[in-house]
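Scroll down for the structure; my scribbles are underneath it.
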Amino acid sequence: MVGLYPKYLEEAVEMKYAHKEAKLYAGGTDWMVRHAECNQLLFLNQIQELKVINEDTDNIYIGSGCTYFELLNNDLVPEILKEAIRGIAAPAIKNIGTIGGNICNASPAGDTLPILYALGAKVEVISVDKNKIFPIEDFILGVRKLLLNDTEILKRIIIQKHEFSNTYYQKVGARKSQALSKASFVGLANIQEGKLVDLRIAFGSVASTIIRVKQIEEKYIDINIKELPSHIGEIKADYDSYIIPIDDQRSTASYRKAVCMNLLEDFLRKLK
Amino acid sequence: MINFFLNEENVQIDCDPSFRLLDILRDKFQLMGPKEGCGEGECGACAVIIDGKLINSCLVAMGSLNNSKVITIEGYSKTDRYKVLERTFAEAGAVQCGFCTPGMIMAAEALLSVNANPTVEDIREAISGNLCRCTGYNMIINAIKLAAEQGVGLW
Ligand SMILES: Cc1cc2nc3c(=O)[nH]c(=O)nc-3n(C[C@H](O)[C@H](O)[C@H](O)COP(=O)(O)OP(=O)(O)OC[C@H]3O[C@@H](n4cnc5c(N)ncnc54)[C@H](O)[C@@H]3O)c2cc1C
Ligand code: FES
Ligand code: FES
C-alpha cells in the first residue's frame, strides 16, 4: 500500500487525478473500522485549506476537513448543527472525525446530515479542472453512494445564512452519545404575524437516505399557526409513505417509525 | 518513511501507511500500555494523546501521523501529573483489573490539560468513550476529581 501526502488542495487534486484508484482518508474513524481494501491511500489530514471556516454576506463556508471539535469551537457554525454534533460519539471521536467524512460516508445515520438537508446546504466538489457546487441531496445518492467521480474531492460545505424562530432537534439512540442514531429528527420554522412562512423538516436513519420532502413543507406555508394543530394528523399522513425504516439490530422498523411520528408531532405542537 | 514523535523522541518507521498506530506501538515499540479492547473506537482502551488530543490509536493509520506528537501512558508515566493520577486512582479504588486504566488516565490528562477544575459532568463527558467492566465509573470519577484537587498548579 502506498501513501500519498498532499499539503495543499491543489496538490491533492493533482494526485487524485494521477492516482484515480486512491482512496481518501480524512479522520479515518469510518475508514479504519471498515478496513476497505485498497492499494493507495491519499491522506487529506495535513491540508489546512480543508480546515477553513469563513463567511461572506450570504453564506457560511465549512471546510470538509474540520473536525467535530473544531466546528463546536467556531462561532460561525449554526447552533442547530452544533446541537447535533454534541450528540455525536465521545471526545476521542470528536477530536478526529470530520464533517466531510460524515457526509462522504453517506450513511442515513450520519448525524450532521438531517441538519444539513434542513439548512439547504450545498457541497463544493473540486477536481483539477473544475469546481462544482450542488445541493447536498443531489450529492448523496444512497447508502455509501455519492455523486463523486474518482478525480474529485469534497472541498467544503456552503450554508446560506438564515435565522429561524423555531429550531428543534432530537436524536433517539441506545446510549446518549456513543451509539449511531436509531432515528433523528430536525424541524426548522419561521413564523411571522401568526403565519408559518418557512418550514423545513428532515428525518435521519429512517430510509436509505435522509428524508426531506419539500412538497409537504410547501403545502403548509402561509397557514395560520393557530390552525396548525388541526392539520397534524394530515401532516403525519403526508409523511407516512416516506418513512420506511429497515429492521436491523439497532431498532425495529415499527419502533423507529413511531418515534419519528412522535417527534414530528412534538415539533409541530411546540411551534410558536 | 513515516516520521513522528513518540513520547518526546523523534522516530521513523518504514511501514504500510494503513497499519494501525495501536499495532505499531505494541509490536514495533513494545509499548503495551495501549490495549486492544474493541478495535472499533468504542472502548478507549487504546487511547493515546496525539498533538494534545485524546485519540483512539486503533482508529489511526500510520500515514496520518506525519510529524505528530504521540504520548502513550509509558511516556506520560514519567510526569508529575501522572504521579498524582496514579496516587488518586489507587486512593479512590479506581483500578480493579486495570485493563481500562491506561486509557482512563490518558482521558483524564486530556481533560485536565484544558480544564484544571472540572465538574463531575465534565469528567463524565471526558471519559464517555472509555469503557470499564469492573468499577462502575464512580470511583474513576472520584479519582479524577481528587487529582484535580491534589494537583493544583500542575495542570
Ligand atoms: C466509536 C464511533 C462512534 C461514532 N459515532 C457516531 C455518531 O454518533 N454519529 C455519526 O454520525 N457518526 C458516528 N461515527 C462515524 C464517524 O465517526 C463519522 O461519520 C465521521 O464524521 C467520519 O469522518 P472521518 O473524517 O473520520 O471519515 P473517514 O473515515 O476519513 O472517511 C469516511 C469516508 O468518507 C470519504 N471522505 C472523507 N473525506 C472526504 C472528502 N473530503 N472528499 C471525498 N471523500 C471523503 C472517505 O474516503 C471514506 O470513504 C462514529 C464512529 C465511531 C468509530
Ligand atoms: S480498541 Fe481502540 S477504542 Fe477499543
Ligand atoms: S478496571 Fe477492569 S475494565 Fe476498568
Side-chain angles (χ1 to χ4, degrees), chain A residues 1-7 12 15 19 22-48 50-51 65 67-70 72-73 85-98 101 105 173-180, chain B residues 1-3 13-23 34 37-68 103-104 106-111 113-115 118 121-131:
Chain A
M1 150 99 70
V2 178
L4 301 165
Y5 309 99
K7 290 238 164 356
M15 284 179 174
H19 305 274
K23 300 284 184 223
L24 299 172
Y25 181 109
T29 60
D30 281 316
W31 204 93
M32 293 300 282
V33 174
R34 280 187 296 117
H35 291 299
E37 282 294 317
C38 68
N39 296 322
Q40 289 166 339
L41 199 49
L42 194 158
F43 289 91
L44 297 170
N45 64 316
Q46 310 258 333
I47 304 174
Q48 288 308 315
L50 295 181
K51 296 201 162 283
T67 65
Y68 293 125
F69 266 130
E70 285 162 352
L72 288 176
N73 290 329
I85 290 171
R86 281 187 206 105
I88 292 180
I93 303 294
K94 289 198 182 85
N95 278 331
I96 44 168
T98 66
N105 200 33
R175 265 177 61 194
K176 189 176 154 253
S177 288
Q178 280 276 349
L180 288 170
Chain B
M1 197 65 90
I2 293 158
N3 184 69
I13 182 158
D14 192 8
C15 74
D16 185 320
S18 72
F19 283 1
R20 303 186 306 173
L21 174 61
L22 173 62
D23 298 325
C38 66
E40 298 191 343
E42 302 271 1
C43 75
C46 66
V48 297
I49 291 180
I50 303 182
D51 297 331
K53 299 189 204 79
L54 185 72
I55 290 177
N56 295 325
S57 62
C58 70
L59 294 182
V60 174
M62 289 305 291
S64 70
L65 276 183
N66 260 306
N67 295 322
S68 306
M104 286 291 179
M106 297 318 274
E109 161 61 21
L111 168 69
S113 65
V114 294
N115 179 357
E121 224 9 77
D122 296 336
I123 299 173
R124 247 182 236 291
E125 165 68 16
I127 63 165
S128 63
N130 296 71
L131 302 187

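A note on names: the letters A, B, ... follow the listed sequences, proteins ahead of strands, and every chain is numbered from 1. Side chains included, hydrogens not; waters and symmetry mates left out as well; all remaining heavy atoms used.
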Does a sphere of radius 6.0 Å around CG in A:N39 hold more than 12 heavy atoms from other residues, nucleotides or ligands, not counting ones at 6.0 Å or beyond?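 Incorrect, the count does not exceed 12.
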Heavy atoms of other groups near A:K23 NZ, more than 12 under 6.0 Å: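 For A:K23, atom NZ is not crowded (no more than 12 foreign heavy atoms under 6.0 Å).
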Once you measure the plane-to-plane angle for A:Y5 and A:F43, does it fall in the parallel (<30°), tilted (30-60°) or perpendicular (>60°) bin?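 Answer is parallel, since the angle falls under 30°.
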Scanning both residues in full, the closest heavy-atom pair of A:L42 with A:A12 reads CD1-O, 3.9 Å
B:A126 portion near chain A, given a 4.5 angstrom heavy-atom threshold: backbone
Let me know if A:N45 has heavy atoms under 4.5 Å from chain B in its side chain, its backbone, both or neither. side chain
What residue in B:N66, B:N56, B:I127, B:N67 has the most heavy-atom pairs under 4.5 Å with chain A? B:N66
Heavy-atom pairs under 4.5 Å with chain B: which of A:L41, A:N95, A:V33 has the most?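 Going by pairs under 4.5 Å, I would pick A:N95.
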